[in-house]
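One structure is given here, and the rest of the page talks about it.
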Amino acid sequence: MRAFLLRRLILAVPTLAGVLVVVFLLLYVAPGDPVTEMVGERADAATIARLRAELRLDDPLPIQFAHYAGGVLRGDLGRSYITNRPIIADIRERFPKTLQLAVAAMLLAALSGITLGVLSARKPGGAFDRFAMGLAYLGISFPVYWVGLILIFVFAVTLRWLPPSGFGGLEYLILPALALGSRSIAFLARMTRSAMLEVLGSDFIRTARAKGLRESVVLGKHALRNALIPVITVLGLDFGYYLTGSILTETVFSWPGLGRYVVNAISRRDLPAIQGSVLFLSVVFVLVNLLTDLFYAASDPRVAYD
Amino acid sequence: MLRLLSTLGVLALLACRGGDSSPQRRTLIDSRDTYDPKGLDPALATDVPTGRAVAYVFDGLTRFTPDARLQPSLALRWDLSSDGKTYTFHLRRGVKFHDGTPFVARQVITSWQRVLDPKTRSGGASTLTPIAGATAFAEGKAASVSGLSAPDDSTLHVTLDRPLAVFPTLLAMPVASIVPEAPSSDFGTRPVGTGPWRLIEWKHDDYLLFARNESYFGGAPKTDSLMARIIPEPSTAVAEFEAGNVDLLYIPEPETRRWEQTDERSARLVSAPALRLWYVGINTTRGPLADARVRQAINHAVDIRTILDRLVGGRGRLAAGVIPPSLPGSDTARAPYAYDLAKAKALLAAAGYRNGIDVKLWHSQEPSFMRVAQSIQFYLNAAGIRAELVQREAATMRAAARKGETDLVIKDWYADYPDAENFLFPLLHSDNHPGGANVSFYSNAAFDKLVDDARKEPDSARRIALYQQADEMSFRDAPILYLFFYNELYAVQPWIKGFEVPTIFNGQQWKDVLIAP
């Protein structure tokens, strides 16, 4: 186990180095001048030239890269061109909010998605199954953006049960978590259902039923546990995706998370902010994948790492 | 199921009524910002959310009213020497910064030197370079700006290199605001000014919260606090307004008709002509576009009235020149180019392009501009001007246009200060290309001279006449496709009193706005 962890962590290093190179190069190949974004439309050419030099934007690419990579190795992601605040501080301020939203969405999705899936699998083709799978179909088809606006319209504007947007207590979390999780709920329900159906057809379930176990124990203990592996895969992937890509949800609900930070950085050509946050998100993604792998082992003793 | 639906319906109706009563809060809430300000350091203010917030916390020697007239602020009044070069500003006494430090003339000098100092990395230094010795100071050739002196705490002499009539107006821009003598290194997040509001909390990408400055020299604001919420999605801002959570809403263009057509909503609307021009820069150095007849053909080929009505909710006034109708120098009697397909084709033929021309029309991914660009393409094609659309995100598009890589580029221009010069000079003077805002690369020595003369003409009647001539001259040359001057449209909650729509971004400081039952 420890060896596995170590190997995976070591393997992550070249992955992240690759990310660093690609992000760096992409940004310099892309058109648009960070300095004009920094000083605005009215600045004169001399100011722009001076700032380009100060920021080393006119240095040869390898030197710029070495300079940047050196900073990263020392744990310094640089300062934003636009706000002059340290990137690390910006990330530290925003990531917990993105994490909070992602965890809430995941919990919601895991609970309701798996429950829907198990209940549907109990009587495939039955009324509940058809209803739940219809719902899942809609959940997968509707874009998050649209779901978010509909939720706001219904629950915030019309019913006034919850605030439309913003960051704060639990009441602010419900709608965005629901919007962000909607696709996962749907997807998990379908995954769980099909995995359950497969397991329910196997011999040991027949045995379990034959020895007179209650249906709830058969479903909950014997079948679900065995059906969980693909479900965990989906959960892990979606969680990684939420941590790095809840941009639309954050935008619709004015949620001050990292996704919006990245989008703002891109639109303002804030190179250090883009590089720093993409690098950070890559680390997060690698870690989430690693965690997912560890969960496999926890949920299925046949999976062993050495 | 049916019963559930009808219950929901009743609840919805009840809920809608709930929004009419005034809220229990004592904080004014603005929803206009779509992204976080950069920081509240006036020296670094170049975007609208930043400029607005700077106007809450800081004062300049002058300021703008909501309808963009110039008013004294930290300066009570000023005199101009007979050669038009030296201003004597008489400053207010007894003004204090939020931290209690008294405001004195010396701080005006240090504030402006800080903007000029390259280490500050200000994008607005050019606002202050008309001051004598400013350039030498910025280049490190002088220890101070020779044109600035403060004989006592309430008097400031400013000498310019050459007369510049618009100078007191420039001083109302955010970048010329007065800051304490030695601002802290985190001044952008902990600003200290003399303005009507103090910044007390800033949750990045979420909101900025200001408390009133009880000892503001112009009288303390009438409401306890002011919150600028940052709401990136316009539909969400609409929802927040309908839920009664925000007091001011910028109406997105596609929503205009929906708001105008219901009585309850239209009663909330307030509108004012903004100092903002929508236009298409025509690069006058590229191929057939160098011929004025081709550019006139482009102006005749597009039905702008229909575009304005159908795509922008009728929010604007057709442009016949670059000077907004509310500014002196605008000739409101001048007729815009008429939509006339036959004339467009005839002009093209006269220029020798009987078979039409091919151009590329650049636009950003901003939805309103995108829709307008697509319509312009349609109209141009009908006249034989085959336009290919090139979509880039705004920063890339702007950079390409400034380098002269675009044939046509659709964009807008906001006034930094309410003067015709702020349209004529940046958009069309040959000093401003390449690299500047003159994306038409328009170079006309006669036009330049008119603008240069106007800039230094102290007599306002003569200056306005020069502006008019310059606008007329460039209008005939058609270096741009004149679209329209934009109208701001806001919805204001019924419980808000005293809100005047600003026609310039920093013209409304919320000082006299209050929540009334």
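Numbers restart at 1 for each chain; the letters A, B, ... are given by sequence-line order, proteins then strands.
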Rounded to the nearest 0.5 Å, how far does [atom2] of [Y] lie from [atom1] of [X]?
{"X": "A:F153", "Y": "B:E242", "atom1": "CZ", "atom2": "CD", "result": "8.0 Å"}
{"X": "A:Y145", "Y": "B:S235", "atom1": "OH", "atom2": "OG", "result": "6.5 Å"}
{"X": "A:R85", "Y": "B:H204", "atom1": "CZ", "atom2": "NE2", "result": "3.5 Å"}
{"X": "A:L149", "Y": "B:E233", "atom1": "CG", "atom2": "CD", "result": "5.5 Å"}
{"X": "B:K38", "Y": "A:R268", "atom1": "NZ", "atom2": "CZ", "result": "7.5 Å"}
{"X": "B:Q365", "Y": "A:S267", "atom1": "CD", "atom2": "OG", "result": "8.5 Å"}

Dump the intermediate steps for salt bridge (Lys or Arg N to Asp or Glu O under 4.0 Å) on B:E393 and A:R269, then the final yes or no.
CA-CA 10 Å; B:E393 47 87 37; A:R269 279 282 178 278; 2.7 Å; yes
What residue, out of B:T189, B:N432, B:D205, B:L44, has the most heavy-atom pairs lying under 4.5 Å from chain A?
B:D205
Heavy-atom pairs under 4.5 Å with chain A: which of B:A45, B:P118, B:G124 has the most?
B:P118
Please check if the number of heavy atoms outside A:Y137 that lie under 6.0 Å from its OH is greater than 12.
no
Taking atom CZ as the centre, does B:R258 end up with more than 12 heavy-atom neighbours from other residues, nucleotides or ligands that are less than 6.0 angstrom away?
yes
Using the side chain to side chain contact (heavy atoms under 4.5 Å, CB included) rule, pick out the option among B:I230, B:D36, B:D206 that qualifies with A:P256.
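It is B:D206, the one option of B:I230, B:D36, B:D206 that forms the side chain to side chain contact (heavy atoms under 4.5 Å, CB included) with A:P256.
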Need one label for B:A125: side chain, backbone, both or neither, based on atoms under 4.5 Å from any heavy atom in chain A.
neither
Between the side chains of B:K203 and A:E93, is the shortest nitrogen-to-carboxylate-oxygen separation below 4.0 Å, so that they form an ion pair?
no
Contacting region of A:S80 [heavy-atom separation from chain B under 4.5 Å]:
neither
Which atoms of A:I82 are under 4.5 Å from chain B, going by heavy atoms: the side chain, the backbone, both sets, or neither?
both
Would you say the side-chain atoms of B:T236 pair up with the backbone N or O of A:V252, donor to acceptor, closer than 3.5 Å?
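Confirmed, B:T236 side chain pairs with A:V252 backbone.
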Is there a donor-acceptor contact under 3.5 Å linking the side chains of B:E240 and A:S165?
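Present: a donor and an acceptor within the cut-off.
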Heavy-atom closest contact (B:A243 atom, A:A156 atom, distance)
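So the two residues come closest at CB-O, 4.4 Å.
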Stepwise side chain to side chain contact (heavy atoms under 4.5 Å, CB included) check, A:R260 with B:Y35:
CA-CA 9 Å; A:R260 265 172 68 202; B:Y35 55 91; over 6 Å; no
